[in-house]
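Chain identifiers are assigned alphabetically (A, B, ...) following the order of the sequence lines, protein sequences preceding nucleic acid strands; residue numbering begins at 1 within each chain. This one's a predicted model, so the numbers in the text were calculated from it and none came from an experiment.
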Amino acid sequence: MHVDCLMKCISHEFSYGTLLLKGMLRMIFLLKLPRFIGKCTFKVVKYGLEFIAMIRTELMIMYVKFGEPGLADFLFKTMVERDLVAWNALIASCVQNGHANKALALVREMDVARTKPDAVTVVSALSACGQLGSSEIGEELYCIARKEGIDCNIIVENARLDMQVKCGNVDMAIKLFEEMPQRNLISWSTMIVGYAINGESEKALSLFDKMQNEGLHPNYITFLGVLSACSHAGLVREGWRYFNRMNNLDNKNMKPRKEHYACMVDLLGRSGHLQEAYNFIKSMPIEPDSGVWGALLGACAIHQDVELGQHVADILFELAPDIASYHVLMSNMYASAGRWDFVKKVRWRMRKKGVRKLAAYSSVELNGNIHVFYGGDRLHPQTQFIYKKLDDLFKEMKSLGYIPKTNSVYHDVESEEKEATLSTHSEKIAIAFSLINVQPELPIRVMKNLRICDDCHTFSKHVSIISKREIVMRDKIRFHHFKNGVCSCKDYW
DNA sequence: CTAGGGTTAG
C-alpha cells in the first residue's frame with residue numbers, strides 16, 4: 001500500500017479515505033509494526049490531515065496501543081477541536097491498555113476543561129476503577145453520573161456490576177444484579193465470572209443453569225466463565241461436561257477456541273493430571289498457542305514436574321520468547337529443585353533477550369487514594385509504623401506455630417536472608433499498612449499484580465485470626481477471602 | 001450531512 005496514494009485519496013474522497021486510513025492504522029497494530037506508525041504520522045502531517053478530528057483520534061488510540069500514552073497525550077493536548085468523542089477515545093484506550101490511573105486523571109481533567117462526560121465516559125471510568133480495585137471511587141463516580149442526569153443504560157449498569165465484581169464485593173454485585181432494570185447476556189456472564197473468581201463456583205454453575213432457564217443462550221465468553229469456575233475449584237468432571245457440551249452444539253461458531261482449551265489444560269494440570277493435560281494439547285484440532293502451553297507450564301510449576309516443565313518451556317521459548325512470566329516460572333522451578341546452575345542459565349537467557357521480570361506490587365485504596373507498595377519498600381511516610389506492625393505480627397504468629405516457608409524464595413541465598421526477603425513481600429506490607437489505617441470494622445482489601453505466594457497466603461490466614469479481621473486479596477487471576485484462618489480458595493489456587 | 005469513543009475472558 002502506497003501511503004502517499006492513500007493520503008491523496010483522503011484529500012479527494014474524504015469519507016472513503018478516512019475509513020481507509022483508519023483500517024490501515026488498525027492493521028499496523030495487528031501486524032505489530034510500531035515503526036510504521038511513525039512513518040504514517042509523518043505522512044499525515046505532510047498532507048495536513050492531522051487537524052481532522054477523526055484521524056487524530058485514531059492516531060491517539062494507536063499510540064496508546066503501542067505503549068506511548070505520552071505521545072497520544074501530546075496529540076490530544078494540541079488538538080484544535082477537542083470534542084467529547086476525542087476525550088472518550090483517549091480515556092477508553094488508556095483503560096484498555098492498562099493505564100487506569102491515567103484514564104481517571106483524564107476524567108478529572110474533563111471537569112476543568114468544561115466538557116460534560118456522557119455514558120461512554122462513565123463506562124470507561126468504571127472499568128478503570130475495577131482495574132484499580134477502587135470501588136469507593138467507582139461508586140462515587142456512578143452517583144455523580146446519576147445526579148448529572150447522564151443516561152445510565154444497561155452498558156453502564158454492566159460496567160458498574162463488573163467494577164464491584166473486580167473489587168471482590170460479591171454481596172454488592174449480586175444485589176446490583178438482582179435489582180438491575182434489565183439484564184442481558186453480558187450481565188449474566190459478568191456475574192458468573194464474579195462468583196467464579198471469588199471462589200463460589202457452585203453458585204457460578206447454578207447461575208449458568210438459571211440463565212438458560214430464562215431462555216438466554218451462552219456465548220463463548222459465558223463458557224469461558226463456567227470453565228474457569230470449574231478450574232478455580234478443581235471440578236474436573238464438571239469441566240469436561242461443559243467442554244463436551246460446547247463441542248456437541250450444532251452451532252459451528254460455538255466450537256471451543258484456544259482460550260477454552262487453555263482453561264481445560266489449567267483445570268486438568270492444576271488438579272494434578274499433568275500427563276492427561278499434555279495429551280489433551282496433543283489431540284487439539286487447532287494449533288495450541290502460548291496461552292495453552294503456558295497453562296501447562298503453570299501446572300508443572302505447582303506440581304514440581306521439572307522434566308515436563310522443561311519440555312513445555314522449550315516450546316514456549318520458541319513460541320513467545322519475550323513473555324517474562326514463562327522464564328520466571330521455569331527459573332522458579334529450577335530454584336525449588338535446587339538446580340541453581342539452570343537458574344543462572346535462564347536468568348542469563350532473559351538478560352540476553354532483554355526480557356524483564358515484572359516487579360510485584362500490592363495496592364490499597366484508602367479514602368479515595370491508592371497506596372502502592374513494592375517488596376521491601378521503605379518509601380511510604382508511615383514506613384516505621386508499618387515495619388513495627390509487621391514485627392509484632394510475626395512475633396505473635398510464630399508463637400502460634402507459623403513457620404516461614406522459605407522455599408517460596410527463589411534466590412540462592414542463606415536462609416536468614418530468605419526469611420528477610422519473604423517477610424517484606426509487598427502484600428505483607430500492604431496488610432500491615434491497612435491494619436494501621438483502615439477502620440477496625442471494615443475488611444482489609446489488597447490488590448496484587450501477580451499471584452500470591454504460599455507464605456503470604458499462610459501469613460494472611462494467621463493475620464485474619466490474630467486481628468479478627470477479614471482480608472480480601474485480589475491476585476492476578478482470582479480473589480482470596482481470608483476469614484478466621486480460612487481462605488475462600490480452600491488452599492487451591 | 002457524517003465520519004472517530006463504551007460493558008463480559010486471559
Problem set entry | Nucleotide nearest N219(A) (side chain, heavy atoms from C-beta), chosen from dT8(B), dG4(B), dT7(B) | dT8(B)

Exercise. What is the nucleic acid contact for A92(A), judged by heavy atoms within less than 4.0 Å: base, sugar-phosphate only, or nothing?
Worked result: sugar-phosphate

Exercise. So what does V85(A) hit on the nucleic acid, given a heavy-atom distance under 4.0 Å: a base, only sugar-phosphate, or nothing?
Worked result: base

Exercise. When we call it a touch if two heavy atoms are under 4.0 Å apart, what does V156(A) touch: a base, just sugar-phosphate, or nothing?
Worked result: base

For this session: Step through it carefully: locate the ring centre of W188(A), locate the ring centre of F208(A), and say whether they are under 6.0 Å apart.
Result: no

Exercise. Looking at the rings of F280(A) and Y261(A), which for Trp means the six-membered one, are their centres under 6.0 Å apart?
Worked result: yes

Exercise. What about the rings of W493(A) and H232(A), do their centers lie closer together than 6.0 Å?
Worked result: no

Exercise. For E81(A), which contact category applies under a 4.0 Å heavy-atom criterion: base, sugar-phosphate, or nothing?
Worked result: nothing

Exercise. Do S187(A) and N158(A) have a side chain donor and acceptor closer than 3.5 Å?
Worked result: yes

Exercise. Can you find a donor-acceptor N/O pair under 3.5 angstrom joining the side chain of D83(A) to the base of dG4(B)?
Worked result: yes

Problem set entry | N198(A) versus H481(A), side-chain donor and acceptor atoms under 3.5 Å | yes

Problem set entry | Sugar-phosphate only, base, or nothing, as touched by A262(A) at under 4.0 Å among non-hydrogen atoms | nothing

For this session: Residues of residues 277-299 of chain A with any non-hydrogen atom less than 4.0 angstrom from an atom of DNA chain B: list those, numerically ordered, please.
Result: none

Seminar exercise, completed: Against the side chain of E58(A), the closest entry in dA9(B), dT7(B), dG4(B) is dG4(B)

